[in-house]
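Not measured: the values here are computed from a predicted model. For this chain, numbers begin at 1 and follow the sequence in order.
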Amino acid sequence: MNIIFYHPFFDAQDWLQGMARRLPQAHLRAWQPGDDRPADYAMVWRPPYEMLANRRDLKGVFALGAGVDAILEQERLHPGTLPAGVPLIRLEDTGMGQQMQEYALACVLRYFRRFDEYQLQQQQQNWLPLEPHQQGDFTIGILGAGVLGKSVAQKLVEFGFNVRCWSRSHKQIAGVQSFAAQEELPAFLDGVRLLINLLPNTPETVGILNRRLFTCLVPGAYLVNLARGVHLVEDDLLAVLDQGQLAAATLDVFVNEPLPQGHALWRHPRVTITPHIAAITLPEQAMDQVSANIMRLEAGGSPTGIVDIQRGY
């Protein structure tokens with residue numbers, strides 16, 4: 001069994017050694033330009049076109065992340081990057097669910113308890129108790145109800161919040177009201193005080209966080225974007241923040257990363273920025289899942305996490 005590895009900034013040796021412990025029968029190597037030797041499996045993130053193109057012997061391509069939009073974008077730009085008929089397999093959770101819960105809960109509690117406003121008051125040396133939010137009118141809406149969206153929803157329900165989700169199809173999540181498809185989006189947005197975005201990056205979801213959507217939320221609502229930067233129309237966000245339609249936003253992802261110096265989002269007093277760290281790939285958990293899926297494939301079974309290329313997730 002031959003496995004090739006490519007990641008633009010992960011330490012290849014750490015991953016090769018880790019996979020060798022799990023699959024001692026495998027021959028592993030870091031892919032280098034010009035390497036066209038046989039490979040049964042590929043572990044990748046943003047693979048160059050020449051790495052996978054024309055590899056008809058591959059049994060599976062493992063994306064080293066929960067999202068696969070970067071790989072699919074390269075396939076759109078350079079057809080053939082993903083060999084036809086070879087399954088693309090993404091990571092499912094592998095510790096990302098808990099990280100996303102932690103990040104989302106921290107944001108929710110910060111806004112619910114108005115700590116963001118108290119921080120501004122501290123800078124002004126202003127001692128002024130604020131009227132607290134009430135859980136009964138602090139409805140949280142989650143765009144996306146996949147593995148990570150479901151995980152976040154369940155955690156917020158545990159804290160007693162009124163939670164609803166919107167996704168491609170209806171979901172069964174205890175304590176969560178489910179909305180689905182475009183025709184139910186207005187009803188989902190109506191009454192939402194805090195919106196969390198965990199949608200996959202697909203042609204249908206690009207730019208979904210726009211002025212029109214923001215005006216459907218409760219005036220003075222909050223936004224937390226944890227999915228992809230392309231979901232957000234940044235100029236629209238800045239406009240509704242200045243108008244007061246949104247009270248504040250926390251952004252972990254951006255159209256251009258790193259966020260360029262001098263960008264207006266850096267300077268806005270009601271925007272909180274983190275450098276795409278809401279949920280990072282944890283190597284040990286990821287290698288456990290990839291190796292288990294390889295063993296399933298070798299035994300003639302089906303792996304978990306197969307991506308529907310047409311849907312994009």
Margin query: If you count heavy atoms of other groups shown closer than 6.0 angstrom to CZ of R29, is the number above 12?
Written below: yes
Checklist line | Euclidean distance, K171 NZ relative to S178 OG, rounded to 0.5 Å | finding: 8.0 Å
Using residues 279-286 as the side-chain source, report each donor-acceptor pair under 3.5 Å to any protein atom, sequence neighbours left out, with the distance given to one decimal.
from : atom 1 : to  : atom 2 : distance (Å)
T281 : OG1    : L64 : O      : 3.2
E284 : OE1    : R22 : NH2    : 2.6

Check: Is the closest side-chain heavy-atom distance between L297 and I89 below 4.5 Å?
Finding: yes
Less than 3.5 Å apart, which donor and acceptor atoms pair up between the side chains of residues 66-75 and the rest of the protein, not counting sequence neighbours?
from : atom 1 : to   : atom 2 : distance (Å)
D69  : OD1    : R228 : NE     : 3.0
D69  : OD1    : R228 : NH2    : 3.2
D69  : OD2    : N201 : ND2    : 3.3
D69  : OD2    : R228 : NE     : 3.0
E73  : OE1    : R76  : NE     : 3.3
E73  : OE1    : R76  : NH2    : 3.0
Q74  : NE2    : P47  : O      : 2.9
E75  : OE1    : G80  : N      : 3.3
E75  : OE1    : T81  : N      : 3.0
E75  : OE1    : L82  : N      : 2.7
E75  : OE2    : G80  : N      : 3.2

Item checked: Nearest-0.5 Å distance that lies between atom CE in M43 and atom NE2 in H7 -> 10.0 Å
Checklist line | OH on Y222 to CZ on R270, rounded to 0.5 Å | finding: 7.0 Å
Margin query: So which atom in H268 and which in D242 form the shortest heavy-atom distance, rounded to 0.1 Å?
Written below: NE2-OD1, 2.8 Å
Item checked: Nearest-0.5 Å distance, CZ of residue F179 to CG of residue L185 -> 10.0 Å
Item checked: salt bridge (charged side-chain N to carboxylate O under 4.0 Å, His left out) partners for E50, two or more places apart -> none
Note to self: Strictly by side chain to side chain donor-acceptor pair (under 3.5 Å), give each pair with a member in residues 179-195 just once, sequence neighbours left out.
What the structure shows: H170-E184
Next item on the list: Using a cut-off of 6.0 Å, state whether more than 12 heavy atoms not belonging to Q172 lie near its atom CD.
Entry: no
Identify every side-chain donor-acceptor pair in residues 243-254 under 3.5 Å, counting partners at least two apart or on other chains, and give the distances.
from : atom 1 : to   : atom 2 : distance (Å)
Q245 : NE2    : F214 : O      : 3.0
Q245 : NE2    : L217 : O      : 3.2
T250 : OG1    : Y111 : OH     : 2.7
D252 : OD1    : T274 : OG1    : 2.6
D252 : OD1    : H276 : N      : 3.0
D252 : OD1    : I277 : N      : 2.8
D252 : OD2    : I277 : N      : 3.1
D252 : OD2    : A278 : N      : 3.0

Item checked: Nearest-0.5 Å distance, OH of residue Y313 to CG of residue L199 -> 9.0 Å
Check: Counting only heavy atoms not in R296, do more than 12 fall under 6.0 Å of its CZ?
Finding: yes
Next item on the list: Determine yes or no for a side-chain-to-main-chain donor-acceptor pair under 3.5 angstrom, with N126 supplying the side chain and Q121 the backbone.
Entry: no
Check: Would you call the rings of F188 and W166 parallel, tilted or perpendicular, where under 30° means parallel and over 60° means perpendicular?
Finding: tilted
Next item on the list: Please report the closest heavy-atom contact between P38 and D57, naming both atoms and the distance.
Entry: CA-OD2, 3.6 Å
Notebook entry, point to check: How about H231 and L143: do any of their side-chain heavy atoms sit closer than 4.5 Å?
Noted result: no
Note to self: Once salt bridge (charged side-chain N to carboxylate O under 4.0 Å, His left out) is applied, do any residues pair with K155, and if so which ones, sequence neighbours excluded?
What the structure shows: E158
Next item on the list: Using atom types as modelled and distance alone, determine if a side-chain donor or acceptor of Q289 lies under 3.5 Å from a backbone N or O of D93.
Entry: no
Note to self: Could you check whether W45 and F10 have their ring centres less than 6.0 Å apart?
What the structure shows: no
